[in-house]
Structures are given as C-alpha cells and as structure tokens.
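Side chains included, hydrogens not; waters and symmetry mates left out as well; all remaining heavy atoms used. Lettering follows sequence order; numbering is per chain, from 1.
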Number of protein chains: 2
Amino acid sequence: MGKVIRVKKKPLPPGRPKAFDPEQALHTALRVFWEKGYEGTSLADLTAAMGINKPSLYATFGDKAALFRKVVDHYMRQQSGLWNDAFHLPTAKGSIARILTSVADALTNGKNPHGCLLVQAALSCGEDADCIKEELAAKRAESGTLMRTRLLRAQAEGEIPRNVDVAALSRFFSTILRGMSVEASGGATRAQLQTVIDLAMKAWPDSARQTTALPAEV
Amino acid sequence: MGKVIRVKKKPLPPGRPKAFDPEQALHTALRVFWEKGYEGTSLADLTAAMGINKPSLYATFGDKAALFRKVVDHYMRQQSGLWNDAFHLPTAKGSIARILTSVADALTNGKNPHGCLLVQAALSCGEDADCIKEELAAKRAESGTLMRTRLLRAQAEGEIPRNVDVAALSRFFSTILRGMSVEASGGATRAQLQTVIDLAMKAWPDSARQTTALPAEV
DNA sequence: TAATTTTTGTACCAATCGGTATGAAACACC
DNA sequence: GGTGTTTCATACCGATTGGTACAAAAATTA
C-alpha cells in the first residue's frame with residue numbers, strides 16, 4: 001500500500017518519498033496566510049490546512065518567515081499573467097483600465113479570500129514581523145513602478161501629453177488598487193468596484209487636458 | 001510623599017487613588033495599537049508603554065478587546081472634528097476636498113504612526129479577532145455613509161446634477177481614503193498624497209458632465 | 001537482505017500569550 | 001487610630017506560540 005507510481009522521467013531520489021505535493025501545499029499555505037494574515041496565522045493553522053506536520057514543513061520550506069516569502073512569490077507568480085496581458089495592450093489607457101478591472105475581478109473572486117495578500121498580510125505588526133511588513137511594502141511599490149513604466153512608454157509614443165506627471169498618475173492608480181483591496185476585504189462587491197474604476201478613469205489625462213486648461217468654474 | 005492635591009470639585013472617591021491618568025493611558029494605548037495592529041500588540045507592549053501593570057489595565061479598561069474598542073472610540077473622537085469641520089463647508093466639493101486633504105495631513109503626521117487605525121489594525125487576523133475585524137470594517141463604512149449624506153444634500157440643493165450616482169461617488173472617495181492610508185503606511189509623503197487628491201478630484205461630476213456628454217476621443 | 005538516505009509522526013522545548021489570585025499599600029471616613 | 005475600600009505590585013495560571021530531537025518508517029542502491 002502507498003506504492004509510489006514512478007512518473008515518466010522522474011527517477012525517485014533515494015530516501016523515503018514525500019507524502020505530499022509541495023506545490024499544492026504551498027498553494028494551501030497561500031490561502032491561509034491570505035485569509036488570516038502573517039501574524040494571525042499559526043503553524044498549527046498551516047500544518048492542519050496543508051495536511052502535513054511541522055518537521056515536514058520546516059524541512060521543505062524553512063521557518064515561518066521563509067514559508068511566507070515563498071508564498072508571496074507563489075502569489076505574485078500567480079498574478080503576473082494578469083499584469084503581463086494588460087501591459088502589452090496597444091494603449092496605456094487600455095492597459096491601466098485592464099489592470100483595474102482584472103484586479104477587481106481577482107479581489108472579489110469567490111474562490112479566494114477577498115482583498116490583496118500584499119495589503120492584508122502585514123500592514124502593521126509586532127517587531128519581529130517588521131521586516132515582513134517592509135518587504136510587502138516593497139512588493140506593492142513594484143506594481144506602481146510597473147504602471148509608471150507603461151505610462152512613460154505611452155508618453156514617449158505620444159499617447160500621453162508631455163506635461164503630464166506620469167509618476168503622479170501611476171501613484172494615483174496604485175492608490176486606487178490599494179483602496180479597492182481594502183474595500184473588497186470589507187465586503188465590497190465586484191459591481192461596486194466597477195463604479196470606482198469608472199470614476200477613477202476620469203483622471204486620465206485626455207480629459208485632464210481640457211479641465212486644466214480651463215478654470216473649473218466659469 | 002505622593003500626597004494627592006484635591007482638584008476643584010473633584011471629591012476623591014474612597015480607596016487608594018489611581019496612580020495614572022486613564023485618559024493619557026488610553027492615548028498611549030492608541031499609539032501602540034496604531035503602530036502594531038491588534039494582534040501584533042501584546043499586553044506586555046501595552047503595560048510597558050502605558051506605565052501600568054496588567055491588573056490595573058484590566059480593572060480600568062477590561063480585557064484586550066474591550067481596551068481596543070475604547071481606543072477606537074478615542075481615535076474616532078479625536079478625528080471627528082476634522083469631519084465636522086469639513087462637513088459644514090458651503091459646497092460639497094469643498095467638503096470632500098477638505099476631507100481628503102485633512103486626512104492626508106493626519107495620515108502623514110509625524111507625531112503619529114502613518115496610516116489609519118481603522119485600516120491598519122486588523123485587515124486580516126486569526127479567528128478570535130474576527131469580530132474586531134468586522135467592527136473596524138463597519139467603522140470604515142461610517143465615513144462612507146457620512147460622505148454620501150453630504151453628497152445627497154448637495155444633490156438636493158442643486159450643486160450636484162440629479163443623474164449623478166452619489167453612492168458610487170462616495171464609494172470612490174472612500175476608496176481614495178483607504179488607498180491613501182495604505183500608501184501612507186508604506187511611506188508615501190504628504191506631497192505625494194496631494195497629487196493623488198488632485199487627480200481624484202477630477203472625478204467630480206461638474207467635469208464629468210462634459211466628458212460623458214462628448215466621446216472621449218474626437 | 002543489508003546498508004543508506006530521507007521523511008514521517010510524536011513528543012517535547014523554552015518563551016510568550018492573555019488573564020488572574022493574592023496580599024500589601026494608600027486613600028476617605030469615622 | 002481604626003475601618004472600609006480601592007489600587008498596587010508580584011507572582012502565578014493554563015494554553016499556545018514558533019521551533020526541534022528522536023526514532024520508526026519507507027524508499028533506493030548494493
């Protein structure tokens with residue numbers, strides 16, 4: 001019983017084989033951290049959900065912080081397709097709009113905890129988790145720079161006027177993403193996020209060209 | 001030594017007098033929870049910062065959750081002036097703009113931890129803190145309804161056109177507030193938040209009337 | 001089958017968690 | 001001064017925290 005079927009081209013390494021799939025265990029750990037946050041998740045929570053015991057967890061993933069970092073990588077790998085697809089759309093306006101809608105989809109997806117792991121997991125924490133908090137802030141900043149590079153390209157291509165502050169614009173959309181994450185975590189629906197997106201897109205510079213040229217009130 | 005000076009009209013109650021000021025202790029507890037979050041804060045953190053010991057804490061404020069609720073009340077009382085001032089400005093546009101700038105001030109105030117307590121303290125948590133998480137989400141929603149009532153009044157007064165969805169508009173500005181909180185927690189400066197505010201105000205309906213009437217591209 | 005290697009399950013570790021029992025200390029009142 | 005009342009400081013509680021030691025179990029290789 002428990003005989004291991006040798007998969008094609010996978011010569012089993014010596015020693016007792018793992019009784020679990022590390023990839024799937026990582027996926028499960030992601031869900032737990034996503035739902036309970038870094039400090040709110042205990043090793044007991046993890047081992048119970050992953051179906052393994054602590055020594056196996058430590059041998060495979062390292063300590064709690066190391067496992068969490070692997071989880072974050074897994075999460076970003078999982079979301080990277082979304083960003084890549086949006087990034088390569090013909091117009092920057094389309095790219096940003098796609099990012100907002102795709103993220104809204106992900107934030108309210110019924111299969112996952114609502115909200116964004118990078119926001120939920122450790123916005124504030126005790127001293128020992130401070131480095132985790134900072135790492136997450138850095139990861140969040142990455143999405144901002146990603147949008148900024150897309151906007152810069154659009155500016156070079158003439159889609160966005162030269163006088164537009166693309167750094168400010170990308171920070172604005174970053175703020176929208178963070179805000180939607182908090183709202184989704186608090187129970188906002190996909191439809192409600194869509195109305196937020198529609199209003200956010202009003203900040204797009206082609207309408208700004210008019211409103212900044214003229215005074216707001218006539 | 002340690003003789004208590006009887007303050008005017010304050011007949012000391014019988015028994016040994018408190019050796020600390022509950023109001024100031026609450027203020028200190030606020031700072032700790034604000035910085036470390038609900039789960040990230042231990043009773044040892046609290047007693048050390050407040051300069052009292054656990055039995056005094058329990059006798060005065062109750063258990064950890066009860067203390068936290070008092071802290072949240074203290075926090076909201078502290079911020080209520082900001083909202084009241086903004087609420088009574090003559091135009092809704094001015095009210096919203098004032099709220100955004102005042103909150104941006106508060107979020108990046110050097111004297112306090114950056115970010116908003118209602119967002120930071122418990123976006124995600126373990127099971128035993130779930131009720132705290134939900135209470136915070138409800139408190140956050142209050143600010144949204146507050147803005148919505150202000151917008152409804154403006155609509156009744158004719159400042160905002162009847163066809164505008166004020167629920168969506170208030171949700172949009174709520175999202176901006178949450179997003180700014182996360183950004184501030186991650187290190188955003190006051191000036192950076194201002195650029196976000198300037199762009200957010202582009203969603204205001206008087207400019208929307210133009211852009212929705214005309215197609216975006218000519 | 002014997003030797004080797006790796007994983008597994010259990011039992012355990014010190015430290016910390018939130019929360020409390022207890023007796024001494026400090027006040028008001030009489 | 002004595003009495004009643006409340007707070008103080010210390011020491012303690014069981015439960016849980018993240019993390020490990022250890023030996024049995026399960027695989028490969030020889």
Side-chain angles (χ1 to χ4, degrees), chain A residues 1-7 10-22 24-25 29 32-33 36-69 71 122 125-132, chain B residues 1-7 9-22 24-25 29 32-33 36-71 122 125-132:
Chain A
M1 64 192 79
K3 207 158 197 183
V4 169
I5 295 108
R6 182 188 294 246
V7 211
K10 270 275 187 73
L12 274 186
R16 180 171 174 172
K18 276 182 171 29
F20 64 97
D21 175 13
Q24 184 177 344
V32 179
F33 276 125
K36 302 190 173 186
Y38 179 73
E39 281 184 324
T41 300
S42 70
L43 290 186
D45 293 330
L46 290 167
T47 54
M50 300 162 87
I52 66 180
N53 33 36
K54 283 189 277 187
S56 298
L57 192 156
Y58 272 79
T60 311
F61 303 105
D63 65 2
K64 187 183 177 183
L67 168 60
F68 181 75
R69 292 191 180 95
V71 159
C125 56
E127 289 109 7
D128 46 341
D130 254 334
C131 61
I132 298 285
Chain B
M1 66 190 81
K3 208 159 197 182
V4 169
I5 295 106
R6 182 189 296 245
V7 211
K9 277 194 268 180
K10 269 277 187 73
L12 275 186
R16 181 173 175 173
K18 276 183 173 20
F20 64 98
D21 175 14
Q24 185 176 344
V32 180
F33 275 124
K36 303 189 174 187
Y38 179 73
E39 281 184 326
T41 300
S42 70
L43 290 186
D45 293 331
L46 290 167
T47 55
M50 301 162 88
I52 67 181
N53 33 36
K54 283 188 278 186
S56 299
L57 192 156
Y58 272 80
T60 311
F61 303 106
D63 65 2
K64 187 184 178 183
L67 169 60
F68 181 74
R69 292 191 180 95
K70 289 183 173 64
V71 159
C125 56
E127 289 110 9
D128 45 342
D130 255 335
C131 61
I132 298 285

Could you work out which one of dT8(C), dT6(D), dG19(C) sits closest to the side chain of Arg16(B)?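 Ranking dT8(C), dT6(D), dG19(C) by closest atom to the Arg16(B) side chain puts dT6(D) first.
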Before giving the answer on side chain to side chain contact (heavy atoms under 4.5 Å, CB included), spell out for Phe33(A) and Leu67(A) the whole-Å C-alpha distance, their side-chain angles and the decisive distance to 0.1 Å. CA-CA 10 Å; Phe33(A) 276 125; Leu67(A) 168 60; 4.1 Å; yes
With respect to the phosphate group of dT7(C), does any side-chain polar atom (N or O) of Ser56(A) fall under 4.0 Å of OP1 or OP2?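 Answer is no, no contact under 4.0 Å.
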Check whether any side-chain N or O of Asn53(B) sits under 4.0 Å from OP1 or OP2 of dA9(D), and answer yes or no.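 It does, given that an N or O in the side chain of Asn53(B) lies less than 4.0 Å from OP1 or OP2 of dA9(D).
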Could you give the [atom1]-to-[atom2] distance, from [X] to [N], as a whole number of Å?
X	N	atom1	atom2	result
Lys18(B)	dT7(D)	NZ	P	4 Å
Tyr58(A)	dG9(C)	OH	P	17 Å
Lys54(B)	dC13(D)	NZ	C1'	10 Å
Asp45(A)	dT16(D)	CG	P	12 Å
Phe20(B)	dT6(D)	CZ	P	15 Å
Phe61(B)	dT20(C)	CZ	P	16 Å
Asp63(A)	dG19(D)	CG	P	5 Å
Tyr38(B)	dC17(C)	OH	P	14 Å

Nearest-nucleotide comparison on DNA chain C, the residue closer to the 5′ end among Ser42(B) and Pro14(A):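 The residue mapped nearer the 5' terminus is Pro14(A).
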Both Ala19(A) and Gly15(B) contact DNA chain C. Taking the nearest nucleotide for each, which residue is further toward the 5' end?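 With Ala19(A) and Gly15(B) compared, the 5'-side residue is Ala19(A).
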Roughly how far, to the nearest 0.5 Å, is CG of Asp45(B) from CD of Glu127(A)?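 If we round to the nearest 0.5 Å, Glu127(A):CD and Asp45(B):CG are 6.0 Å apart.
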Gap between atom CG of Asp21(B) and atom CE of Met50(B) - 0.5 Å precision: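 One gets 10.5 Å once the value is rounded to the nearest 0.5 Å.
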Within the structure provided, determine whether Leu57(A) and Lys64(A) are in side-chain contact (heavy-atom separation under 4.5 Å).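 Leu57(A) vs Lys64(A): side chains apart.
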Does a side-chain heavy-atom distance below 4.5 Å link Thr41(B) with Phe68(B)?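 No, every pair of side-chain atoms sits at 4.5 Å or beyond.
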Thr41(B) near the nucleic acid: base, sugar-phosphate alone, or nothing, with a heavy-atom cut-off under 4.0 Å?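 Sugar-phosphate contact only.
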